[in-house]
Amino acid sequence: MSTDEHLDPIPDSFILQPPVFHPVIPYVTTIFGGLYAGKMIMLQGVVPRHARRFQVDFQCGCCLHPRPDVAFHFSPRFYTVKPHVICNTLQGGLWQKEVRWPGIALQKGASFLILFLFDNEEVKVSVNGQHFLHYRYRLPLSRVDTLDISGDILVKAVGFLNISPFVEGSREYPVGYPLLLYSPRLEVPCSRALPRGLWPGQVIVVRGLVLKEPKDFTLSLRDGATHVPVTLRASFTDRTLAWVSSWGRKKLISAPFLFYPQRFFEVLLLCQEGGLKLALNGHGLGATSLDQKALEQLRDLRISGSVHLYCVHC
């Protein structure tokens, strides 16, 4: 496919912002599409041993003067006898009443994974997989379009994702997802063992970037006898996505074609009784049928095609 070829537009909610690796601090970036309920931002890094404080600001704009409003100010403080986190909102150049959260789960010299999960009325924050705090919005979430990170912090990766569509409601953190560490770029083709097969509730996560001139993308699940009962295949020739059965029968998936050149993507497969549910870029796209015995006999996940892979979890 030529990159000059006309591509049909994708709904904004289907477009994911690529992850950022090892940004220089201070770091300011636009949040593609702004913030909305169901959006998540992950921050992976290390707190330096000499750290006094750092802050993560979700801003309404990025101008320097006057300073933009800050809808959510998240600032861990390590220089006091009892380290804590300050949360606040800046409006019209004035800070509002701050909220202090003691018992911070971040440690000097230690790695961390922070997840900001944006709900309808509040943002929830987890640290290393454990819920830490929640903060009710004082400014409309729809105004936020900029992320600003500064202070004593070493950032390894910033991820921009949507909540898993497999979670019932948005009141709790997804189980087993999305608290995953980004990895350095993985080799393609890529293979992952499934020593116990698949069981109800297990989620397979694949994140990556489509190459500039893509040809194909294939995700297949194989059993111990090297049969391939499940294959997900994207065709860049006719821009279709389909399930392919072990005997070659194709079942087209009705959805916007998301595997565009140089765009980030996320594939989720949720194992349930009777088959696998599929989600792309945070949107559920139906399921394929497979009996439980066949799911338990799966032993290998293989991914190939015109992509860079950043995360494969199963």
Side-chain angles (χ1 to χ4, degrees), residues 1-22 29-33 42 157-162 164-165 177-178 180 182-192 203-222 228-246 248-270 276-288 300-314:
M1 175 192 297
S2 170
T3 55
D4 295 328
E5 183 180 343
H6 172 72
L7 297 176
D8 296 332
I10 295 178
D12 289 344
S13 60
F14 275 86
I15 299 175
L16 285 185
Q17 186 168 349
V20 178
F21 297 99
H22 304 288
T29 188
T30 297
I31 302 172
F32 292 2
M42 290 193 296
V158 182
F160 306 85
L161 298 166
N162 294 326
S164 169
Y177 166 83
L180 307 171
Y182 280 107
S183 303
R185 186 184 300 174
L186 304 173
E187 293 291 331
V188 179
C190 177
S191 180
R192 289 288 185 272
V203 179
I204 293 174
V205 182
V206 178
R207 298 182 182 132
L209 187 73
V210 178
L211 299 185
K212 186 175 182 180
E213 297 182 357
K215 295 181 179 180
D216 55 29
F217 170 80
T218 301
L219 182 156
S220 60
L221 293 163
R222 303 166 183 252
V228 188
V230 182
T231 298
L232 179 68
R233 182 168 298 156
S235 169
F236 295 100
T237 303
D238 54 11
R239 293 204 286 273
T240 59
L241 185 66
W243 295 107
V244 182
S245 68
S246 56
R249 184 178 178 181
K250 293 176 65 175
K251 179 183 177 183
L252 293 179
I253 298 170
S254 178
F257 189 71
L258 304 182
F259 296 94
Y260 277 29
Q262 298 181 296
R263 279 189 176 163
F264 187 64
F265 68 89
E266 177 191 63
V267 177
L268 302 182
L269 289 175
L270 170 67
L276 296 168
K277 279 188 174 181
L278 170 67
L280 294 179
N281 292 8
H283 293 262
L285 299 178
T288 184
D300 186 53
L301 165 68
R302 297 190 185 184
I303 302 164
S304 61
S306 307
V307 297
H308 290 314
L309 291 176
Y310 293 116
C311 173
V312 177
H313 175 86
C314 52

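Numbers here are sequence positions counted from 1.
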Going from [atom1] on [X] to [atom2] on [Y], what distance comes out if it is rounded to the nearest 0.5 angstrom?
X	Y	atom1	atom2	value
Asn281	Arg207	CG	CZ	10.5 Å
Thr29	Ile31	OG1	CD1	8.0 Å
Lys212	Ser306	NZ	OG	14.0 Å
Ser304	Lys215	OG	NZ	13.0 Å

Would you call the rings of Phe265 and Phe217 parallel, tilted or perpendicular, taking 30° and 60° as the class edges?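 If you compare the ring of Phe265 with that of Phe217, the planes turn out perpendicular.
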Contact summary for [X] and [Y], nearest pair of heavy atoms:
X	Y	answer
Tyr310	Gly208	CD1-CA, 3.9 Å
Val307	Val210	CG1-CA, 4.2 Å
Ser235	Phe257	O-CZ, 3.6 Å

Quick check: do [X] and [Y] have side-chain heavy atoms less than 4.5 Å from each other?
X	Y	result
Leu186	Arg192	yes
Leu241	Leu232	yes
Ile253	Trp243	yes
Thr231	Thr218	yes
Ser220	Arg222	yes
Met42	Leu161	yes
Val230	Leu219	no

Run the side chain to side chain contact (heavy atoms under 4.5 Å, CB included) test on Leu301 and Ile204 for me, step by step, so that the C-alpha distance in whole Å, both residues' side-chain angles and the decisive distance to 0.1 Å come before the verdict. CA-CA 9 Å; Leu301 165 68; Ile204 293 174; 3.9 Å; yes
Does the side chain to side chain contact (heavy atoms under 4.5 Å, CB included) test come out yes or no for Val206 and Leu309, once each step is laid out? CA-CA 8 Å; Val206 178; Leu309 291 176; 3.8 Å; yes
Measure from the side-chain N and O atoms of Gln17 to the backbone N and O of Phe32, and report whether any donor-acceptor pair falls under 3.5 Å.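 Yes, the answer is positive, given that a donor and an acceptor are paired below the 3.5 Å cut-off.
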Hey, would you say the Phe264 and Phe160 ring centroids sit under 6.0 Å apart?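 They do not qualify: ring centres at least 6.0 Å apart.
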Report the residues that fulfil side chain to side chain donor-acceptor pair (under 3.5 Å) with Thr240, sequence neighbours left out, ordered by chain and then residue number.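 Counting only residues at least two positions away or on another chain, Thr240 forms a side chain to side chain donor-acceptor pair (under 3.5 Å) with Asp238.
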For Ser245, check side chain to side chain donor-acceptor pair (under 3.5 Å) against everything at least two apart and list the hits.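 Result, side chain to side chain donor-acceptor pair (under 3.5 Å) vs Ser245: Trp247.
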Counterpart residues, salt bridge (Lys or Arg N to Asp or Glu O under 4.0 Å), relative to Asp216 (two or more places apart):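 Residues passing salt bridge (Lys or Arg N to Asp or Glu O under 4.0 Å) with Asp216: none at all.
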Between Thr288 and Leu278, does a side chain to side chain contact (heavy atoms under 4.5 Å, CB included) hold up when you go through it step by step? CA-CA 8 Å; Thr288 184; Leu278 170 67; over 6 Å; no
Worked check of side chain to side chain contact (heavy atoms under 4.5 Å, CB included) between Val267 and Val205: CA-CA 6 Å; Val267 177; Val205 182; over 6 Å; no
